[in-house]
Amino acid sequence: MLNLLEGLNPVQREAVTHDKNSLLILAGPGSGKTRVITTKVAYLIQELRIDPNSILAVTFTNKAASEMRERAVALSPEARFTSITTFHSFCARMLRKYGTFAGLTSDFSIYDTDDSMTLFRSLYPEFTKKEAGEILRKISKLKNFDIDLRLSTMSNLSLDSSYYEKYQAALLRANAVDFDDLILHFTKILKNQPEVKMRIASQYRYILVDEYQDSNLVQFELLKQLYSPGTYLCVVGDEDQSIYRFRGAEIENILRFSEYFKDVETIRLEQNYRSTPNILKAASALIAKNESRLGKSIWTENSEGKEVGLKYFSSNIDEIEFCANVVREGSYSDTAILYRTNAQSFAFERGFTALGIPYKLVGALRFFDRAEIKDLIAWISFLLNPCDIVAFKRIANKPARGFGGVAQKKAIAQSQESGTDLLQSTREIALGASSKKKPHKSIEFVKLCELFMQDIENLTLDKLLLNIFIESGLKMFYEDHDKNNDSSKIDNVKEFIDFSARYGVGREALSAMLERISLDSQFAQEQEGNDDVVTLITIHNTKGLEFPKVIISGLEEGIFPSARSLENNDLEEERRLLYVAMTRAQQELYLTYCSNKNIWGFERSFGKSLFAKELEDILNQTPSGSNDSTDHPYKRGQGVYQDDYGYGVITKAVGEGKNLLVFVQFETGFVGRFLPEFDSLELVESRY
DNA sequence: TCGCGTCCCATTTTT
DNA sequence: TGGGACGCGA
């Protein structure tokens, strides 16, 4: 039993064994907070003999949740009965049970950002995508900020309340919720339904929250509602790592916690076990430039390690070559490339592919966001929830079966008038409009639905999906598409169908799969087995992760810190983001800036960002890395080359004499490597 | 209703 | 560059 505590330092031990009142743990990066939380779960179960079912451990990302689960179960097998999950998944599960109090059936759909957009634009077709997105963002902010949704308190949002109300009514009609609703609805139910609150409160006696600094006001309200006298509450957070303010996260929740809950004890974990002193020194000096912090000092007993490297390059190609060299020393999986925006991954993907370096891309384009996959998902959403208007619009006439916009609108209007679901209203219109003539073509759609609905109870998910794919005509549709566009959508669908096999038979299975898909953006990629690969990842996604070697790319003006954040006065949040990124590194840390980058097919030049300058000061380092060669006629930007690929500009030249190599980048984005002989160039190798 | 051509714009970050 | 929105003609 006591071996649970073995290897913990005294402060960590205190945090694990603490069991009175409420506990606030302020934990610096790499201070072993996940270890503390998971050990605490195991300790509660094994040492204090707490029923694992009465423990609730929540965090914000699925990745963090599954890691927490794995580690807790490793320490104490009974932890598998504990709810270790994300805020959103937990609330979704509760809403399946108690959603009637919010006007939902247990088959409600969960709308992602795209679905919300489709729904909103069906209500307000006059808005462009951009305008609609803006309004939806405001609505989301409101939902994250204010449980009672008093628009007046958010007057600075300048949101017309009718948008909100109409959108919300449409969601309810569709028996659907958006991400924010998951938490909002359940919190409201707890607030307004004492008997539900009683049941939940008597079940979850121990509540642990990780990454608490990322919670927003509604989540704080949820905690308040989950709490009852006798509940043990423990939250772990670090104000310096709060990076979700744009989503409504309130650092102040850390202060509020001590104010609201009784007799809160505070424990600080400041010893870092992850990084070298050099890395910590740089990261601490950087974050010290922020004004709004509680302040804490982190330290380590680790050995010195390499210096932090600030690297400047004059071209993208140089940068990628540098990264490739770092990557190649040691295992691929030792290195992670971190960047501010998803779009930045593209250059690395192309470059690494060309250089034969295996990589995995974390969380960028979600597998389930592909159109062909979304089609199938829409089908099962609609079969489970025939009120789901977004799914309906997606599948009703794809491929074209004579059930276009006009007929769809009729069906939608009819369903709203009579309060029936969309399948029923489509059926009525198709048959009713013409008792003598042939029924409207939309009857085809109705027949398909009826067919598939029978299949739900009888077929395993993969068989069901395959059936839908073939019978709906989507298979033919995408076969044509693949032929005409050289795409591989059919393969993607196959992969999806294979994957679905594990979910078994029936409505429950279907709904479990849907929920996983909509709430866990990453998990399709996790199954791929080859482990020794470089990680390409946005900084937001690195929360809780660590790597021996970290390269933070793109300290360019307007990129990091982002131009938008400067406009919005969010510089401190960006600095926290950089702090999070830097403190992911265990052994080696490099930060790169690149003065010329190819964007949208054209070369653009960038200045170095504020952060690059701050780090120059901090590291007191003359940046190194740019390796333009010197003595030959082939200089960057000089000389234009033309062949079948179009016009190209010299981007780099290395070596001398016979060994001289010249890199030429064409305006198409194609990059060639050339051997200059006499006055002509010969293609020796295509690199991209 | 649908397919094709043209034009325009683009990149925060996630559940 | 390239994907999406929009308009026009069949």
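No hydrogens, no waters, no symmetry mates; every other heavy atom, side chains included, goes into these values. Here is how names work: the chains are called A, B, and so on, in the same order as the sequence lines, proteins then strands, and each is numbered from 1. From a predicted model like this one, the values you see are computed outputs, not experimental measurements.
- The separation of C/dG4 from B/dT11, taken at their C1' atoms, amounts to 15 Å, rounded to a whole angstrom.
- Ion pairing between A/Glu573 and A/Arg576 holds under the 4.0 Å rule for side-chain N and carboxylate O.
- No engagement by A/Phe87 is indicated, since no non-hydrogen atom pair under 4.0 Å with the nucleic acid exists.
- Proximity of the aromatic rings of A/His540 and A/Tyr244 is defined here by a centroid distance below 6.0 angstrom, and this criterion is met.
- A/Arg394 has no carboxylate O lying under 4.0 Å from a charged side-chain N of A/Asp114, or vice versa, which leaves the two without a salt bridge.
- The side chain of A/Asn342 lies closest to B/dT14, out of B/dT14, B/dT11, B/dT15.
- Atom CD of A/Glu211 is separated from atom P of B/dT15 by 12 Å (rounded to the nearest Å).
- You'll find the ring centres of A/Tyr111 and A/Phe120 outside the 6.0 Å limit.
- The separation between A/Ile559 atom CD1 and B/dT13 atom P is 11 Å, rounded to whole Å.
- Side-chain to base pairing of A/Arg247 with B/dT15: no donor and acceptor N or O lie closer than 3.5 Å to each other.
- Nucleic acid contact for A/Ser89: none, since no nucleic acid atom lies under 4.0 Å from a heavy atom of the residue.
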Tabulate atom names and distances for all N/O pairs under 3.5 angstrom spanning the protein and nucleotides 5-8 of chain C.
{"residue": "C/dA5", "atom": "OP1", "partner": "A/Lys129", "partner atom": "NZ", "Å": "3.3"}

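- For the pair A/Arg564 CZ and B/dT11 P, the interatomic distance rounds to 10 Å; values are reported in whole Å.
- Note: CZ (A/Phe477) to P (B/dC2) measures 11 Å, nearest angstrom.
- Residues A/Ile139 and A/Tyr164 approach most closely at CG2-CD1, 3.6 Å, considering heavy atoms.
- Contacts of A/Lys33 classified as salt bridge (charged side-chain N to carboxylate O under 4.0 Å, His left out), with partners at least two apart in sequence or in another chain: A/Asp210, A/Glu211.
- Residue-level contact check: A/Ala400 touches the backbone only, with heavy atoms under 4.0 Å from sugar-phosphate atoms and none from bases.
- Considering only side-chain N and O atoms, A/Asn541 lies nowhere under 4.0 angstrom from the phosphate OP1 or OP2 of B/dT13.
- Regarding A/His540, its NE2 atom lies at a distance of 17 Å from the P atom of B/dT11, rounded to whole Å.
- Considering only residues two or more places apart in sequence or on other chains, A/Arg69 meets the salt bridge (charged side-chain N to carboxylate O under 4.0 Å, His left out) condition with none of them.
- Between the C1' atom of B/dT15 and the CG atom of A/Leu519 lies a distance of 7 Å, rounded to the nearest Å.
- If you measure from atom CD1 of A/Ile517 to atom C1' of B/dT14, you get 18 Å, rounded to the nearest angstrom.
- Mapping A/Phe403 and A/Thr538 onto DNA chain B by nearest heavy atom places A/Phe403 closer to the 5' end of the strand.
- When distances are taken from the side chain of A/Asn397 to each of B/dT14, B/dT11, B/dC2, the shortest belongs to B/dC2.
- Other residues, nucleotides and ligands place more than 12 heavy atoms under 6.0 Å from the NZ atom of A/Lys398.
- Between A/Tyr339 atom OH and B/dT14 atom P there is a gap of 10 Å when expressed in whole angstrom units.
- When the nearest nucleotides of DNA chain B are assigned to A/Gln408 and A/Glu573 by heavy-atom distance, the more 5′-ward of the two goes with A/Gln408.
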